[in-house]
Amino acid sequence: MLFTCDLDETLIYGARFLQDENCLTKTKVRLIETKDGREISYMTEEAISRLKALSKKILFVPVTTRTIEQYKRITLFQKEIFPRYAIVSNGGTLLIGGKVDETWEALVKEKVRKNCLSYEEVLLKFKEIYSADWVVSQRRADDLFYYFIVRQDCLPKEKLDSFMDWLKENHWNAYLQRRKLYFIPSVINKGEAVEYLCDHISPDFITAAGDSLMDLPMLQKADYSITPLQGELGRLYQDEDKESKIKITSDTGILAAEEILKYIEDLNIALEKNWHQVAEETV
Ligand SMILES: [Mg+2]
């Protein structure tokens with residue numbers, strides 16, 4: 001079984017998710033990422049031990065919009081759990097044993113060149129609405145997409161909406177997630193990266209977890225998928241009561257990670273049982 005799993009706010013959580021006193025008293029939490037001495041991300045001990053056990057039984061693949069550098073900052077995946085494959089940069093990069101898969105890298109660059117407007121043209125157009133009043137910083141991540149740190153309360157909403165529409169027409173996607181604004185070529189997405197990986201490893205069964213619209217292409221490719229209640233997808237599917245095969249957790253925040261891992265564990269147990277049954281029937 002393959003388990004493709006988003007990291008931030010699906011499996012790992014920032015400090016703002018620790019403010020819930022209930023959560024802190026109910027559970028033990030461990031710091032799993034620091035940056036320049038600052039504490040960045042946490043998981044519960046329970047989630048860590050579930051993930052450890054699960055990683056021995058199934059193929060766990062982290063799938064994240066983090067850059068290579070940001071992914072490698074997570075000490076848990078450098079010291080305790082060693083995923084053979086990791087998809088980073090929102091699907092733009094596949095790491096195998098920590099090294100960039102150059103075949104996928106070349107394929108991605110070719111797809112962007114053929115299908116999407118150039119990086120330079122996108123930036124040029126963005127400069128028409130850009131202002132230091134609301135853009136704090138700008139970065140071209142792993143040479144694959146742009147992201148900006150923005151002041152949410154100063155966004156020029158109408159101008160930004162029409163810029164996002166323009167991006168879509170030119171085969172780019174835009175995502176606004178709190179302080180982060182992303183512009184990503186549409187061919188760079190988690191779904192296409194998982195598909196490429198699957199072509200190589202041919203999993204019998206695919207499961208997925210993720211919280212945001214960036215995870216949707218990956219969740220749609222899975223046989224079973226789950227999303228945390230507090231996330232963008234959780235809210236979307238709950239509010240609109242959409243017909244969906246995506247399961248929503250009942251727990252929220254850092255505790256939702258435990259529920260997600262339990263769900264995948266149970267699926268794996270059920271699947272193995274099924275195989276045994278089929279094997280017995282065949283005998
Ligand atoms: Mg996420």
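Just follow the structure's listing: the first ligand is 1, and inside any ligand the first atom is 1. Model, not experiment: these values are computed from the prediction.
To the nearest 10 degrees, the angle centred on the Mg ion (ligand 1) between OD2 in D6 and O in D8 reads 90°.
In this structure, Y147 and Y182 have tilted ring planes: the angle between them lies in the 30° to 60° band.
When the N, O or S atoms of D211 are ranked by distance to the Mg ion (ligand 1), OD1 comes first.
In summary, the side chains of T44 and E258 do present a donor paired with an acceptor at a separation below 3.5 Å, with no hydrogens or angles considered.
A 6.0 Å sphere centred on CZ of R179 holds no more than 12 heavy atoms belonging to other residues, nucleotides or ligands.
Here the rule is ring-ring contact (aromatic ring centres under 6.0 Å, His included) with F183, and of Y130, Y175, F163, W166 only F163 fits it.
Put simply, E9 stays out of reach of the Mg ion (ligand 1), with no N, O or S atom under 2.8 Å from it.
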